[in-house]
J.: 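The structure that follows is given in the form of structure tokens.
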Amino acid sequence: MPAPDPKDLGPLAALAGTWEGDQGLDISYHHAEGEIGETKYREKVELKPFGPVDNGRQQLFGLDYRMAAYKEGEDEPFHTEVGYWLWDPKAGQIIRCVMVPRGQVVLATGPASADSKEITVTAEWGSNTHGILSNEYVNEMARTSKHTCTTTVHDDGSWSYNECTTYEVKSKGMTVDHTDRNTLRKVG
């Protein structure tokens with residue numbers, strides 16, 4: 001499928017390309033220690049434009065999304081994601097579809113305009129339109145109830161994100177706000 005004109009990507013146009021960031025911070029429950037801990041990381045993100053995709057009267061433009069995060073000093077990723085960022089110009093909506101290799105998918109949505117520099121998308125467990133699905137084991141051990149991601153495009157051409165995935169560690173009876181944040185700069 002040919003790449004669309006950048007103006008058709010709306011607020012996603014600024015994210016197209018290959019990006020790297022080395023200031024990542026992951027705050028999550030560490031099973032080995034039995035407590036909340038911090039992990040510094042670097043990451044590489046590829047966002048390739050495509051579209052239009054026609055769904056009847058709905059027309060979407062998007063970015064094919066691939067991400068890998070690496071702990072400091074390690075060459076193998078500790079986290080990967082694949083999915084799509086989609087722009088629905090008629091509805092004024094961003095849709096983020098993410099799948100992680102734990103058997104979990106997130107479909108998060110949020111309002112945006114063509115010139116938005118900050119986008120927030122959310123998903124909630126149980127929603128049919130902006131929801132979270134997990135395999136049986138993950139759902140039983142650590143049900144994810146909410147996901148929020150705010151992405152900000154900066155004047156220097158970089159962009160950053162701050163995301164929070166709320167889940168319950170059932171064996172500990174605790175709720176965790178697993179957060180990740182990083183700033184990425186274009187490398188290709």
J.: Taking a hydrophobic cluster as the set of Ile, Leu, Val, Met, Phe, Trp and Tyr residues connected by side-chain heavy atoms closer than 4.5 Å, whether directly or through intermediates, do W125 and M141 fall within one such cluster?
T.: no
J.: Are L60 and L63 joined in one hydrophobic group, where the rule is that I, L, V, M, F, W and Y side chains link up if heavy atoms are under 4.5 Å apart?
T.: no
J.: Would you sort out whether D26 and K71 count as a salt bridge (Lys or Arg N to Asp or Glu O under 4.0 Å), showing the intermediate values?
T.: CA-CA 10 Å; D26 171 272; K71 293 178 183 178; over 6 Å; no
J.: Do you know the tightest heavy-atom contact between T151 and Y161?
T.: OG1-CB, 4.1 Å
J.: If you round to the nearest 0.5 Å, how far is CZ of R66 from OH of Y84?
T.: 6.5 Å
J.: What distance do R143 atom CZ and T175 atom OG1 have between them, rounded to the nearest 0.5 Å?
T.: 12.0 Å
J.: Report the relative orientation of the aromatic rings in Y29 and H31; use parallel for angles under 30°, tilted for 30 to 60°, perpendicular for over 60°.
T.: perpendicular
J.: Are M67 and F50 linked, directly or through other ILVMFWY residues, by side chains that come within less than 4.5 angstrom of each other?
T.: no
J.: Run the side-chain contact (heavy atoms from CB on, under 4.5 Å) check on W19 and K186 step by step: do they pass?
T.: CA-CA 4 Å; W19 304 83; K186 198 168 205 173; 3.6 Å; yes
J.: Can you find a heavy atom in the side chain of L12 that is under 4.5 Å from one in the side chain of F61?
T.: no
J.: Can you confirm whether H147 sits close enough to V98 that some side-chain heavy atom of one is under 4.5 Å from a side-chain heavy atom of the other?
T.: no
J.: When you compare the side chain of C97 with that of V105, does any pair of heavy atoms fall below 4.5 Å?
T.: no
J.: Please examine the side chains of S145 and E168, heavy atoms only from C-beta on, and report whether any two atoms are closer than 4.5 Å.
T.: no
J.: Are the side chains of L86 and D88 in contact, using a 4.5 Å heavy-atom criterion?
T.: no
